[in-house]
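Read the numbers this way: they start at 1 and go in the same order the structure lists the ligands and their atoms. Please read these numbers as outputs of a predicted model, since none were measured by experiment.
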Amino acid sequence: MQEKIIILDFGSQYTQLIARRVRELNTYCEILPYNKFPHGTEGIKGVILSGSPYSVNDPNALYVDLSEIRGRYPVLGICYGAQFLAHSSGGKVESVNTREYGRAHLAWHDPEDMLFRGVKDNSTVWMSHGDSITMIPQNFQLVASTHEVKMAGFHIEGENTWGVQFHPEVYHSEDGTKLLNNFVEDICGCARDWTPASFIENTVASLREQIGNDKVVLALSGGVDSTVAGVLLNKAIGSNLTCIFVDNGLLRKNEFESVLENYENMGLNVIGVDAKEHFYSALKGVTEPEKKRKIIGKGFIDIFDQEAHKLTDIKWLAQGTIYPDVIESLSITGMTIKSHHNVGGLPEKMNLKIVEPLRLLFKDEVRRVGRELGISDKLIGRHPFPGPGLAVRILGDITPEKVRVLQEADHIFIQGLIDNNLYDKVWQAGVILLPVQSVGVMGDERTYENAVALRAVLSTDGMTADWAHLPYEFLGKVSNDIINKVKGVNRVVYDISSKPPSTIEWE
Ligand code: XMP
């Protein structure tokens with residue numbers, strides 16, 4: 001039985017972070033909307049109530065009846081979660097004059113309390129709230145205070161229930177991991193044995209049970225998620241999995257051949273489809289970015305559908321969906337929706353059942369699972385690459401010649417990053433072909449050729465990004481190499497915009 005912690009989400013920006021921290025403790029957890037506790041589910045070892053953008057005094061505050069949860073499972077309320085526990089038991093939560101945001105220090109905590117055991121005196125904790133608990137009910141025992149907030153932590157007598165008004169999940173909370181570990185291991189009694197290896201073992205077993213002898217088709221992109229999904233499925237169902245890898249003519253230099261070879265070496269049953277002409281002709285003369293994306297998305301669906309129909313008896317479509325996509329679609333506040341759904345519409349069109357073996361993993365967990373599966377570091381550590389490929393890096397219309405020029409320039413930049421140990425230091429990098437020609441001089445000749453922009457960014461999730469401060473000498477060398485070796489380019493610029501307000505891709 002899979003042990004798990006349930007995190008009830010009241011909409012806090014930190015909810016995903018709580019899940020990551022619990023999983024870093026090798027304990028499986030799931031985020032569910034605040035009012036969707038899975039009563040009757042086996043394996044639940046404890047419950048965490050998240051923070052929220054609401055105040056408990058707000059008429060629209062999210063309310064849930066905890067009578068079936070408290071006393072039955074260990075509970076930890078964080079921020080709003082703690083205030084909700086106090087408020088719904090007759091305590092008082094008030095809006096305070098000095099809103100407490102950022103660093104605070106524990107002025108006092110009970111060293112004998114199970115949740116605070118081992119937490120240092122004066123430990124830094126991270127606060128982020130405008131309300132504060134000003135009175136706790138009689139059966140609540142105060143176990144921690146900061147200088148500003150008296151009721152920083154409490155325990156409910158006779159129950160395995162705690163509340164903290166600070167955020168132990170935030171990295172700036174010094175002993176946050178200690179505190180979460182006390183909850184997960186000592187209070188909930190979790191075995192802390194959820195590892196990539198155990199994930200693989202359980203997932204392979206459940207994929208076999210779910211799929212049986214049916215046949216499955218998967219679209220590979222060369223990226224981490226679809227590759228890990230493919231290797232995992234291959235381990236579960238072997239040759240009943242067929243993978244399709246489409247060359248849309250917008251991949252990097254030699255990418256199609258080298259990725260295909262890698263896949264074959266991994267033992268995957270892959271069909272490589274050369275669809276370059278299909279995409280080039282559909283894109284001919286199109287300059288509008290969104291139109292390009294739509295054409296590429298549709299082209300991909302058509303080619304995939306056409307190839308999949310050549311296979312017989314396919315029952316399932318596998319996808320490399322990962323946890324952030326799932327949580328976003330469950331999001332109770334509905335504020336963040338990603339817009340890059342490359343294969344949206346495919347499941348409906350193909351009328352197949354969907355299997356998503358990675359739907360409960362975060363990106364870094366997908367990488368750990370990939371390594372455990374023996375996938376090479378080179379593939380696991382690849383930079384993200386957009387589904388529409390170089391099409392969103394060629395501003396204006398697309399021709400095979402422009403693709404060639406960009407592939408050459410991009411290859412020099414990326415290889416340069418690798419050779420200078422910079423590749424793993426940047427989150428993503430690439431070259432953009434600009435629809436700008438300028439005058440240059442080469443030898444005794446006047447040139448009138450294209451400019452390209454180099455883009456390299458630092459980021460953690462692609463939602464925000466800063467431009468990478470690459471060394472000038474390196475940039476100078478790359479610029480020289482590109483201008484000397486790539487026919488058609490006589491000027492190189494470096495993009496120093498951050499996101500926001502810019503985006504990572506130019507289109
Ligand atoms: P932006 O340009 O929005 O990109 O800052 C953020 C991240 O998403 C990638 N990206 C895409 N990925 N299909 C994808 O699979 C797309 O249409 C797409 N557009 C952007 C981009 O490369 C960056 O990593």
Looking just at side-chain N and O atoms, do Thr447 and Asn490 make a donor-acceptor pair shorter than 3.5 Å? yes
Sub-4.0 Å heavy-atom approach of Trp427 to ligand 1: yes
Got an N/O contact under 3.5 Å between Ile504 and ligand 1? yes
Do Ser226 and Ser221 have a side chain donor and acceptor closer than 3.5 Å? yes
Tell me the nearest of Glu290, Arg293, Lys292, Glu505 to atom 16 (C) of ligand 1, using heavy-atom distances. Arg293
Show which atoms of ligand 1 fall inside a sub-4.0 Å distance from at least one heavy-atom site of Pro386. 10 (N), 11 (C), 12 (N), 14 (C), 18 (C), 22 (O)
Would you say ligand 1 has an N or O under 3.5 Å from any N or O of Gly387? yes
Nearest non-hydrogen contact to atom 3 (O) of ligand 1 from the set Arg455, Glu507, Gln428, Lys499 belongs to Lys499
Output field: ring centroids Tyr28/Phe199 closer than 6.0 Å: no
Verify whether the ring centers belonging to His172 and Trp126 lie closer than 6.0 Å. yes
Parallel, tilted or perpendicular: which one describes the rings of Phe362 and Tyr323, with boundaries at 30° and 60°? perpendicular
Apply side chain to side chain contact (heavy atoms under 4.5 Å, CB included) to Trp427 and Thr460, showing your working. CA-CA 7 Å; Trp427 192 77; Thr460 48; 5.7 Å; no
Proximal atoms of ligand 1 relative to Gly462 (non-hydrogen, under 4.0 Å): 6 (C)
Thr503 heavy atoms, cut-off 4.0 Å: which ligand 1 atoms fall inside? 1 (P), 2 (O), 5 (O)
